Amino acid sequence: MNFTHMVINEIVRLANIVPGIYRKVIQDVEINGYTIPAGWLVMVVPSVLHVNPDTYDDPLTFNPWRWKGKELHLGTKTFMGFGGGVRLCVGADFAKVQLAIFIHHLVLNLRWSVVKGGDIVRKPTLTFPNGLHIKISEKNCAVE
């Protein structure tokens, strides 16, 4: 199910629901000429990090193939879909299993099409200000 896992990573990359990850700075850190003093709180916004054109080619395009040959199970400095390091979300694997089951049934048993809406706004998370209305129907899978 490597391709399914690549699809899941791409979904999480483009539509991460976590607005921010807070970390406390334990020692002074210099980044690009700026010093972040020890004791300050830093907020990382994964949804901004995940659409960085310096990290991802054509970052706003859904492309599961960008994950081919990459580690699919861990957070990194450029992909924090479920946090990273020692603070990786304990429910990450459970969420991935749920998403894999949903994708499996959606692809095998259902057809869906966008009826209206779908305008995307990033602020910084992905939102649909006019909603996203879809029509779902069962596939006709009769075998003769």
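Counting begins at 1 with the first residue of the sequence. All of these numbers come straight from a predicted model, not from anything done at the bench.
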Pairwise salt bridge (Lys or Arg N to Asp or Glu O under 4.0 Å) hits with a residue in residues 48-67, at least two apart: E10-R66
Are M80 and V90 linked, directly or through intermediate hydrophobic residues, by side-chain heavy-atom contacts shorter than 4.5 Å (ILVMFWY only)? no
Who pairs with K68 by side-chain contact (heavy atoms from CB on, under 4.5 Å), at least two apart in sequence or on another chain? M6, W65
For the residue pair L132 and V114, what are the closest heavy atoms and their distance? CD1-CG1, 3.9 Å
Which residue is it: V51, V48, T127? I am looking for the one with a side-chain contact (heavy atoms from CB on, under 4.5 Å) to R122. V51
Are I21 and I31 connected in a single hydrophobic cluster, I mean Ile/Leu/Val/Met/Phe/Trp/Tyr linked by side-chain heavy atoms less than 4.5 Å apart? no
N2, CG atom: more than 12 neighbouring heavy atoms under 6.0 Å: no
For N16 and T125, work out which heavy atoms get closest and say how close. O-CG2, 3.9 Å
Do V97 and I11 share a hydrophobic cluster, counting only Ile, Leu, Val, Met, Phe, Trp and Tyr and linking them when any side-chain heavy atoms are less than 4.5 Å apart? no
Can you tell me if E30 has over 12 outside heavy atoms packed within less than 6.0 Å of its CD? yes
Could you give me the CA-CA distance, side-chain angles and deciding distance for F82 and D93, then say whether side-chain contact (heavy atoms from CB on, under 4.5 Å) is met? CA-CA 9 Å; F82 294 96; D93 288 331; over 6 Å; no
Minimum heavy-atom distance P46-V18, with the two atoms named: CD-O, 4.0 Å
For F102, does the CZ atom sit with more than 12 other heavy atoms under 6.0 Å from it, leaving out its own atoms? no
Are I136 and L106 connected into the same hydrophobic cluster when the rule is that any two of I, L, V, M, F, W, Y join if their side-chain heavy atoms are below 4.5 Å apart? yes
When you compare the side chain of V115 with that of I134, does any pair of heavy atoms fall below 4.5 Å? no
Hey, any chance V29 and V44 share a hydrophobic cluster, counting ILVMFWY side chains that come within less than 4.5 Å of each other, even indirectly? no
Going from CG on L99 to NE2 on H5, what distance comes out if it is rounded to the nearest 0.5 angstrom? 10.0 Å
Atom NZ in K96, atom CG in N9: separation rounded to 0.5 Å? 6.0 Å
Working to the nearest 0.5 Å, report the span between NZ of K116 and CG of N130. 8.5 Å
Within the distance-only criterion (no hydrogens, no angle test), does the side chain of H105 pair as donor or acceptor with the backbone N or O of L110 below 3.5 angstrom? no
Aromatic contact between F79 and W67, with the criterion being ring centroids under 6.0 Å apart: yes or no? yes
Heavy-atom neighbours of I26 CD1 exceed 12 at 6.0 Å: no
Given 3.5 Å as the limit, does a donor-acceptor pair link the side chain of K24 with the main chain of V42, or not? no
Rounded to the nearest 0.5 Å, how far does CG of N52 lie from OG1 of T78? 9.0 Å
When rounded to the nearest 0.5 angstrom, what distance separates NE2 in H50 from CG in L14? 9.5 Å
Using a 6.0 Å distance limit plus a 45 degree cone around the ring axis, check whether R13 lies over the aromatic ring of Y56. yes
Do you know the tightest heavy-atom contact between T4 and A100? CG2-CB, 4.0 Å
So, taking the atom named CD1 in I120 and the one named CZ in F128, what distance separates them when rounded to the nearest 0.5 Å? 5.0 Å
For atom CZ of R111, is the number of surrounding heavy atoms from other residues, nucleotides or ligands below 6.0 Å larger than 12? no
